[in-house]
Amino acid sequence: MNYPDRFDVIVIGGGHAGTEAALASARMGCQTLLLTHNIETLGQMSCNPAIGGIGKSHLVKEIDALGGAMGLATDLGGIQFRVLNARKGPAVRATRAQADRIRYKAAIRGMLENQPNLTIFQQAAGDLIVDNDTVRGVVTETGIRFHAESVVLSTGTFLGGIIHIGLDQSRGGRAGDPPSNALAERLRALPFRVDRLKTGTPPRIDAKSVDFSKLEEQPGDTPTPVMSYLGSRDMHPRQVSCHIAHTNERTHEIIMANLDRSPMYSGVIEGIGPRYCPSIEDKVHRFADKSSHQVFIEPEGLDTHELYPNGISTSLPFDVQLQVVRSITGLENAHITRPGYAIEYDFFDPRDLKHSLETKFIHNLFFAGQINGTTGYEEAGAQGLLAGLNAARRAKQLDAWHPRRDEAYLGVLVDDLITLGTKEPYRMFTSRAEYRLLLREDNADLRLTEKGRELGLVDDQRWKAFSEKREAIALETARLASVWVQPTSPAAAKIAEKIGKPLTREYRLSDLLRRPELDYADLTDLPGLDNVLIDDEAVAEQVQIQAKYEGYIERQQGEIDKLKRHEAMPLPDDLDYQRVEGLSNEIRQKLADARPETLAQAARISGVTPAAVSILLVHLKKRR
Ligand code: FAD
């Protein structure tokens, strides 16, 4: 049957990409249908119940800054929060939250159900309606035909999914869910380049069978960090500790003795797995000289005894998994509640996508999430938001939007994917961003919320909170620059105590804040100064970071401006790229093949990075 109502946007798949896509499209006023296998699994975490971490929390905060759900759901579901790299510079600092998977899922579902313009329907999509190389709608596996202007496909690991436990295989999208085979076949018949990837998950353990006295406790941070710009500690449920255990030589012996029963090592699995999140058999095999690996024992929630042993993802047979787990100190009597497994699935070469995440072959069809070769909830959510936004803009006949590499990690993620493609599951790292001093997790709102408001993604409540914060930062920054500390004043004496030497001249408070020995809090209670400091932590943090890193930030911004100014610079016909020092051979070859006429054209060639463009610019200037 033809469904009687027509939609602007249809999103297929209610995972992390699909839920952000559907919410973004609906927030922009588009009538949106979220079509998913099972309403009970909306926002389900297939693997680790944790959000954020290095490079990833940057994406969560960007999603949040653009009005998305992931940050707030984390604050509503997070049971342990920590700041990673707290002692390092702000560019690489990252927030990580252990989530209660049931509470997280409930938070996402609540946001979806309460979102105006959004309709949810439970059924598997089996086919796309395509006419004249343009997608017109979706047909479910029972034959219901839904029509829309644009469609977002975000089916995760479900396309042609095969689950491996030892040498046993079964078809599935993840444990307990069916695969999407009809849709996978249909997509394989379209002109996309398709390949296989794999990922894995560890066995889960019953906490009642663990001896915690033998494990090292790892509590969350105090004060508890917050994920969303609209979040607060009051939103957090009860906080709990994680624990740390270790594999040992016995564990490694068991694994090595059973490698022939591993689907990865016996050649049964062909897909490539995530290099940065390897299985325990991979770690033991690749790092044979290491006699121990850390295992983080993480609670799955407040109302369950199940634990997630982070670090022993495996596809070894169940009997070996049990031996491996029980070889670990503290887990000698552990009961496994669910076996670990690996899953192989179809993904599409993201080089067949535009920056908007629209496919190059089928108009109005957008791909987001794990099907683009990424791994991780955060990477999926960020792409979902962008795809939902652009699907909605297409339905409204507006031009696509995407952030640049110097504006957002989301810009880096999409640019990397569509220009370089990927041979292994792609995850975000701060090292992927060349402008990471500008792209900090603390300033995602300052970078993106105004744009999000203009795009129709940011509601009044978020806009008001953001505008007040931005104004408070500006006022406080100006105030610190206008208050002087005289060298002979009592305030100077107090500062001298803190920095261990006297002030020899007058200083502005803003100058003092730049000193490494002083923090914003040190500027409170300076005698003789009417110096009431802001008690909003986020404002104080921003004022401090902007003051301390002003020089570096300006330098990085200068580089970006310089590149923009030189975009029209011509590249001589006789330029020998082999002689340009500092370029990789791959980039030299690409430039030699394409022979771009200007620097801007060179920058648009897939795989030519901003760093390479900078090198070219320096080379051209030397030639003059
Ligand atoms: P998913 O979250 O998989 O959501 C897909 C959604 O689409 C589901 O709701 C599904 O029901 C729905 N769907 C599928 N087909 C259809 C259809 N035909 N019609 C309607 N609905 C459909 N990430 C990490 O960062 N680290 C890890 O260690 C890690 N390990 C993993 C281990 C396993 C076993 C799995 C399965 C995933 C793992 N991941 C890991 C990946 C992480 O789960 C994904 O990156 C993330 O969930 C991707 O989000 P997504 O929205 O693209 O897809």
Side-chain angles (χ1 to χ4, degrees), residues 10-22 33-53 55-56 59 70 101 105 108 120-128 138-142 146 151-165 172-187 197-202 273-274 276-279 308 310-315 338-347 367-385 387 425-428:
I10 298 174
V11 177
I12 307 174
H16 305 275
T19 51
E20 293 292 354
L33 174 72
L34 175 57
L35 181 64
T36 195
H37 268 148
N38 183 352
I39 288 178
E40 304 307 325
T41 61
L42 286 169
Q44 173 143 321
M45 297 168 156
S46 308
C47 188
N48 191 359
I51 296 282
K56 289 171 169 268
L59 286 168
M70 192 173 264
R101 65 167 72 248
K105 223 167 57 163
I108 293 285
I120 303 171
F121 191 69
Q122 171 172 309
Q123 200 148 119
D127 199 358
L128 297 174
V138 180
V139 189
T140 69
E141 283 189 357
T142 62
F146 289 99
V151 172
V152 178
L153 191 67
S154 47
T155 48
T157 50
F158 285 66
L159 296 174
I162 297 183
I163 289 175
H164 299 262
I165 302 180
R174 67 186 159 210
D177 285 316
S180 285
N181 288 338
L183 192 59
E185 267 177 44
R186 169 70 164 124
L187 290 162
L197 288 174
K198 82 119 210 176
T199 187
T201 196
Y276 308 103
C277 194
S279 62
Y308 179 97
N310 187 349
I312 54 167
S313 154
T314 183
S315 54
R338 308 173 200 222
Y341 64 92
I343 181 162
E344 267 188 299
Y345 53 92
D346 284 359
F347 83 104
F367 284 178
Q370 191 112 357
I371 61 167
N372 290 338
T374 59
T375 177
Y377 312 126
E378 303 80 356
E379 290 81 351
Q383 290 172 68
L385 187 142
Y426 176 106
R427 70 154 286 185
M428 185 46 77

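Both ligands and their constituent atoms are indexed starting at 1 by order of listing.
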Select one of side chain, backbone, both or neither to describe which atoms of [X] lie under 4.0 Å from any atom of ligand 1, heavy atoms only.
| X | answer |
| --- | --- |
| L183 | side chain |
| L35 | backbone |
| K56 | side chain |
| Q123 | backbone |

Q: Using side-chain contact (heavy atoms from CB on, under 4.5 Å) as the criterion, point out the one residue from L33, L35, L153 that pairs with V138.
A: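 The single option meeting the side-chain contact (heavy atoms from CB on, under 4.5 Å) with V138 is L35.
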
Q: Evaluate side chain to side chain contact (heavy atoms under 4.5 Å, CB included) for F347 paired with N372, printing each intermediate quantity in order.
A: CA-CA 6 Å; F347 83 104; N372 290 338; over 6 Å; no

Is there a heavy atom of [X] sitting under 4.0 angstrom from any atom of ligand 1?
| X | answer |
| --- | --- |
| M45 | no |
| N38 | no |
| N48 | no |
| D177 | no |

[atom] - nearest protein heavy atom and its distance:
| atom | result |
| --- | --- |
| atom 19 (N) of ligand 1 | A125 N, 2.8 Å |
| atom 22 (C) of ligand 1 | H37 ND1, 3.5 Å |
| atom 31 (C) of ligand 1 | C47 CB, 3.3 Å |
| atom 16 (C) of ligand 1 | S180 OG, 3.2 Å |
| atom 44 (C) of ligand 1 | Q370 OE1, 2.7 Å |
| atom 6 (C) of ligand 1 | G15 N, 3.6 Å |
| atom 53 (O) of ligand 1 | G156 CA, 3.1 Å |
| atom 24 (C) of ligand 1 | T375 OG1, 3.4 Å |

Which atoms from ligand 1 have a heavy atom of [X] less than 4.0 Å away?
| X | value |
| --- | --- |
| G369 | 52 (O) |
| A17 | 51 (O) |
| A380 | 48 (C), 49 (O), 50 (P), 52 (O) |

(Q) Whether the side chain of T36 engages the backbone of Q123 through a donor-acceptor N/O pair (distance < 3.5 Å, no angle test) should be reported. (A) no

Q) Is Q44 in polar range of ligand 1, meaning some N or O pair under 3.5 Å apart? A) no

Q.
Do T199 and Q370 make a side-chain contact, defined as non-hydrogen atoms from C-beta onward lying under 4.5 Å apart?
A. yes

Listing, residues 43-52 side-chain donor-acceptor contacts under 3.5 Å, not counting sequence neighbours, or none:
{"residue": "Q44", "atom": "OE1", "partner": "K105", "partner atom": "NZ", "Å": "3.3"}
{"residue": "S46", "atom": "OG", "partner": "R174", "partner atom": "NH1", "Å": "3.1"}

Q: Only counting residues at least two apart or in another chain, list the ones meeting salt bridge (Lys or Arg N to Asp or Glu O under 4.0 Å) with K56.
A: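 Per chain and number, K56 pairs via salt bridge (Lys or Arg N to Asp or Glu O under 4.0 Å) with E378, E379.
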
When rounded to the nearest 0.5 angstrom, what is the spacing between [atom1] in [X] and [atom2] in [Y]?
| X | Y | atom1 | atom2 | result |
| --- | --- | --- | --- | --- |
| L187 | D346 | CG | CG | 8.5 Å |
| L183 | I371 | CG | CD1 | 8.5 Å |
| I162 | E344 | CD1 | CD | 6.0 Å |

